[in-house]
2 protein chains.
Amino acid sequence: MTTDKKLIAVAAALLDTGGEDAVTLRAVGHASGLSHNAPYKHFENRDALLAAVATADFVWLAEAFKSVRQSSAEPAAKLMNALKVVIAFSVEHPARYRLLLSNPAIAAQKGDLESTAFIAFGEFIMIVQECQAAKALPDAPNTTLAGLLFATMNGLIAMEASGRMRPEKGLTSVESGLKTLVHLLAPKRR
Amino acid sequence: MTTDKKLIAVAAALLDTGGEDAVTLRAVGHASGLSHNAPYKHFENRDALLAAVATADFVWLAEAFKSVRQSSAEPAAKLMNALKVVIAFSVEHPARYRLLLSNPAIAAQKGDLESTAFIAFGEFIMIVQECQAAKALPDAPNTTLAGLLFATMNGLIAMEASGRMRPEKGLTSVESGLKTLVHLLAPKRR
DNA sequence: ACCTGAACACCGTTCAAGT
DNA sequence: ACCTGAACACCGTTCAAGT
């Protein structure tokens with residue numbers, strides 16, 4: 001493994017075990033068997049390293065979405081499966097998830113991160129499109145609908161991460177909230 | 001103004017002008033005309049000071065929601081007005097907004113912050129309830145529906161803050177996204 | 001080309017002391 | 001009760017130097 005890949009992997013591991021605060025460039029360097037400032041030979045600064053972690057995770061997410069899309073499930077099931085992929089990622093890697101969608105300083109970076117995020121979102125749009133063709137979702141512009149679903153998912157995940165998803169609020173889990181939304185959006189047949 | 005109120009006001013001002021990184025306890029102390037560690041005499045640590053800022057903002061938000069609710073507008077207009085209040089706050093005070101809903105380390109704090117957030121959300125629920133009574137929103141549990149709308153709004157705001165709300169994604173603004181959602185949720189009459 | 005070590009200018013936080 | 005000043009253990013980042 002090249003040094004830069006190693007640094008990204010170590011940073012990702014630190015995010016998982018200790019959260020964003022644990023990712024000091026000094027810790028990344030040492031955990032990689034290098035000096036405290038070796039990371040600077042591969043990344044411009046701390047934000048650039050974190051953006052590289054986010055980029056790798058978006059690549060993974062795009063692949064996961066693609067697998068779901070190419071599966072043999074019903075369109076509506078594919079949609080829920082895609083959402084579940086993100087939910088599971090946010091539960092297993094909360095700090096890394098926040099890097100993807102809730103950290104303006106990182107997410108706003110252009111280049112690889114931006115384009116990879118776009119590819120992942122493109123897969124999601126295609127799944128939404130299938131749902132619309134199957135009349136499982138209403139006939140709105142598909143990118144708009146996909147954006148709304150994605151935003152809702154992210155909002156629910158953030159709500160849960162903040163400990164604000166309480167039964168008194170009528171929400172018990174991200175998944176059930178999304179199921180309710182999809183159900184409410186489904187075209188009515190009367 | 002008591003010293004603790006002063007420190008909260010100074011911290012809020014620093015959040016507005018320089019973002020979260022600008023809020024060092026040293027800067028807060030100095031900008032308050034005190035020493036670098038005077039904040040420790042009023043707040044346990046940096047997170048506690050930030051939580052106090054968030055609490056004050058939730059109090060303001062609850063009042064703003066209440067004004068909207070008690071206005072003479074139509075229920076559906078009240079809903080959009082309440083959402084606009086939050087959107088405007090997120091635009092004018094992005095760093096403070098993130099403290100309210102997108103910062104687990106802060107948002108997860110119990111006590112005053114938690115209860116104030118709950119009061120603000122309660123006002124929002126009542127507005128949603130009025131919309132349901134007026135048939136402007138579907139007949140789902142009101143807390144669930146309110147939670148979904150709030151989560152979507154937060155997700156859209158985060159998406160915009162990350163620079164990911166691109167026309168290619170079919171979303172041009174937080175407000176138009178929410179209008180589309182409310183329109184899609186509106187009970188169909190055929 | 002890639003890495004190390006010293007150094008700088010910061011932080012949050014603690015503690016002893018002042019009034 | 002409230003505040004200051006010194007001190008500690010960190011950071012990100014820069015720079016000169018090594019191989």
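Sequence lines set the chain letters: A, B, ... in the order given, protein chains first and strands last, and positions in each chain run from 1.
- For the segment residues 4-28 of chain B, residues with any heavy atom less than 4.0 angstrom from an atom of DNA chain D are, sorted by number, B/Arg26.
- Side-chain proximity of B/His36 to D/dT13, C/dG12, D/dA6: nearest is D/dA6.
- Partners of B/Ala95 under the side-chain contact (heavy atoms from CB on, under 4.5 Å) rule, at least two apart in sequence or in another chain, are B/Leu15.
- Every residue two or more places apart in sequence or in another chain was checked for a side-chain contact (heavy atoms from CB on, under 4.5 Å) with B/Ser72, and none qualifies.
- Taking the salt bridge (Lys or Arg N to Asp or Glu O under 4.0 Å) definition, one finds that B/Lys84 meets it with B/Glu175, sequence neighbours left out.
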Check: protein-nucleotides 15-19 of chain C nitrogen or oxygen pairs below 3.5 Å:
{"unit_1": "C/dC15", "atom_1": "N4", "unit_2": "B/Asn37", "atom_2": "ND2", "d": "3.1"}

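- The side-chain contact (heavy atoms from CB on, under 4.5 Å) search around A/Ala76 returns A/Ala136, not counting sequence neighbours.
- Secondary-structure stems of DNA chain C, taken as three or more successive Watson-Crick or G-U wobble pairs (i with j, i+1 with j-1) under a 3.5 Å distance threshold, comprise C:4-8 with D:12-16, C:12-16 with D:4-8.
- Judged as a ring-ring contact (aromatic ring centres under 6.0 Å, His included), the pairs with a partner in residues 51-87 of chain B (not counting sequence neighbours) are, in order, B/Trp60-B/Phe89, B/Phe65-B/Phe124.
- Every pair passing salt bridge (Lys or Arg N to Asp or Glu O under 4.0 Å) that includes a residue from residues 53-67 of chain B is listed here, sequence neighbours excluded: B/Asp57-B/Arg96.
- B/Val182 is linked by a side-chain contact (heavy atoms from CB on, under 4.5 Å) to B/Leu79, B/Leu137, B/Leu149, counting only residues two or more places apart in sequence or in another chain.
- Residue pairs meeting the ring-ring contact (aromatic ring centres under 6.0 Å, His included) criterion with at least one partner in residues 13-55 of chain A, sequence neighbours excluded, are absent.
- Residues of residues 103-110 of chain B having a heavy atom closer than 4.0 Å to DNA chain C: none are found.
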